[in-house]
Amino acid sequence: MKYRDNNKPMRSHIEQKKRIIIKIGSALLVDAGYQLNETWLNALAYDVASLKEKGIEVIIVSSGSVALGRQILRCTNRKCTLAEKQAAASIGQIQLANAYKRIFYDYKMNVAQVLLSIDDSETRHRYINAQNTLQTLLKFNVVPIINENDTVATTEISYGDNDRLAARVAQMVEADLLILLSDIDGLYSANPHFEKTAKFIPIVDKIDADIRSMAGQSHTKISSGGMITKIMAAEIATKNGCDMILCRGNIQNPIAHLLKQERYTLFKAQPLTQNAKKRWLAHHLQHQGQIVVDAGTVEALLLGNSLLAAGVTACDGMFKKGDIVNICDQNRQVIAVGMVNFSQETLDKIKGKTRQQIEMYLNNKNVKAVVHRNDMVVV
Ligand code: GLU
């Protein structure tokens, strides 16, 4: 198991960072009566201002819009329908943005609202576009306040949790630290709410099956993530060279507490082995379909070759040219992820065919690989 339990992370670990993403869960910002916790936000603004004084750039990923909007829709004691949730988000988001603007301005910070849909991080050109916007805001010393665009997100096309959204943002802006402020002080070997013997884990050197097995479901009424999405976020962040800290946020001045070396779990950044595009592909959250390949092709892909139609035995999903798909072996085990050069409809017709047959069929002498090796990553 790749974790240590005897080595406290150091204060300098945080203060030496250049760009930090702070993710704030709904349960911290919104109280049990579904009102904004202004005192807490005020203390956080103080913490952020202190980080910025040290020359650290800060981006905030803030939840809370749905929880804040529920009161007006009178759905605090029951489950909201999807339409109500989307309406609640639009009501709550404006309150949230207002509060951030007012409170951060008291500490002489300008903020900007950025609402992202899953397509903004999972479609390459939109990802680059969002990246440019965030870089520009940082250049002008503005604190971006990001949330999912819940008003248009449906369950099928959403991140659903801001943990993975925050990790994708950390990857997008090449942050060196992601802090998840939560209602728990870090990772435990089991859910400490149910198991008295659960052991606290201060440092995770590498995320493996043991670490993944420690995750449980969310246990609060207000927030939507759980330890599972936090571990997923840690995988995205750490594999993109970004440390991740999971710590308690339900205290005043949580960042100041972190600097005093209060308890937290540090997931350590991994060395970068792939270029930015391949890392973006590897952590893709929205695959449009899958391509099944034969055993010989699996070997060829593992050796770094492009995927040719001759090795494809089946394809599922309604993907089009340029979409991101999983590439699976005959047991439907995912072995690679890549950007496909044909629609599912065309691929279905050319699968198993040789290059010459495809050239004749498509009446084209410049037939591309199904997935070029530069657009593919073995997972
Ligand atoms: N985007 C949601 C909101 O603002 C929250 C998602 C989450 O809790 O992670 O209410």
Side-chain angles (χ1 to χ4, degrees), residues 14-15 17-31 33-72 88-116 120 130-151 162 165-166 169-170 172-173 175-182 222-223 247-260:
I14 300 165
E15 291 186 328
K17 299 296 181 188
K18 302 250 169 308
R19 191 170 279 178
I20 299 182
I21 314 288
I22 302 174
K23 184 263 169 177
I24 301 168
S26 304
L28 307 178
L29 267 177
V30 184
D31 64 22
Y34 293 89
Q35 298 297 322
L36 183 72
N37 190 341
E38 291 222 4
T39 317
W40 185 89
L41 188 56
N42 192 59
L44 181 91
Y46 175 86
D47 281 358
V48 173
S50 314
L51 288 176
K52 283 175 64 59
E53 261 170 34
K54 295 184 177 92
I56 301 170
E57 292 174 326
V58 179
I59 292 181
I60 291 179
V61 174
S62 177
S63 305
S65 66
V66 177
L68 276 177
R70 280 171 177 242
Q71 188 90 325
I72 289 183
S90 65
I91 297 166
Q93 186 59 38
I94 202 163
Q95 288 183 41
L96 207 56
N98 223 327
Y100 273 106
K101 180 179 183 295
R102 184 169 38 80
I103 294 174
F104 274 52
Y105 197 71
D106 286 345
Y107 294 90
K108 303 199 171 20
M109 291 181 284
N110 286 315
V111 298
Q113 172 180 268
V114 181
L115 297 180
L116 295 177
D120 295 318
Q131 185 177 56
N132 288 336
T133 307
L134 292 174
Q135 305 277 22
T136 307
L137 289 169
L138 292 176
K139 196 169 108 196
F140 284 92
N141 199 24
V142 175
V143 181
I145 313 285
I146 303 178
N147 195 1
E148 176 159 18
N149 195 355
D150 295 306
T151 298
N162 277 1
L165 166 62
V169 169
M172 194 183 271
V173 299
D176 42 13
L177 176 63
L178 165 63
I179 300 173
L180 298 188
L181 295 180
S182 177
I222 290 184
S223 62
C247 65
R248 215 154 81 87
N250 51 0
I251 34 172
Q252 297 296 306
N253 301 96
I255 306 295
H257 276 84
L258 251 188
L259 293 173
K260 284 193 215 135

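Computation of the quantities below employed the complete heavy-atom set of this structure, encompassing side-chain atoms and omitting hydrogens, waters and symmetry-equivalent molecules. All residue numbers refer to positions in the sequence shown, counting from 1.
Not counting sequence neighbours, the partners of Leu138 by the side-chain contact (heavy atoms from CB on, under 4.5 Å) test are Arg19, Glu57, Ile59, Pro144. Not counting sequence neighbours, Asn110 has no partner by the side-chain hydrogen bond (donor to acceptor under 3.5 Å, both in side chains) test. Under the side-chain hydrogen bond (donor to acceptor under 3.5 Å, both in side chains) criterion, Asn253 pairs with Asp47, not counting sequence neighbours. Remark: Tyr107 engages Asn42 in a side-chain hydrogen bond (donor to acceptor under 3.5 Å, both in side chains) (not counting sequence neighbours). For Glu38, the side-chain hydrogen bond (donor to acceptor under 3.5 Å, both in side chains) criterion is met by Arg102, not counting sequence neighbours. Remark: Arg248 engages Asp185, Asn250, Ile251 in a side-chain contact (heavy atoms from CB on, under 4.5 Å) (not counting sequence neighbours).
To the nearest 0.5 Å, atom CG of residue Leu29 and atom CG of residue Leu96 are 6.0 Å apart. Rounded to the nearest 0.5 Å, atoms CG (Leu134) and CD1 (Ile146) are 4.5 Å apart.
Between Leu115 and Asp150 the shortest side-chain heavy-atom distance does not fall below 4.5 Å. No side-chain heavy atom of Gln113 sits under 4.5 Å from any side-chain heavy atom of Lys101. Contact of the Leu41 side chain with the Phe104 side chain is registered, since non-hydrogen atoms from C-beta on lie closer than 4.5 Å.
Residue-environment remark: NZ (Lys52) exceeds the threshold of 12 foreign heavy atoms within 6.0 Å.
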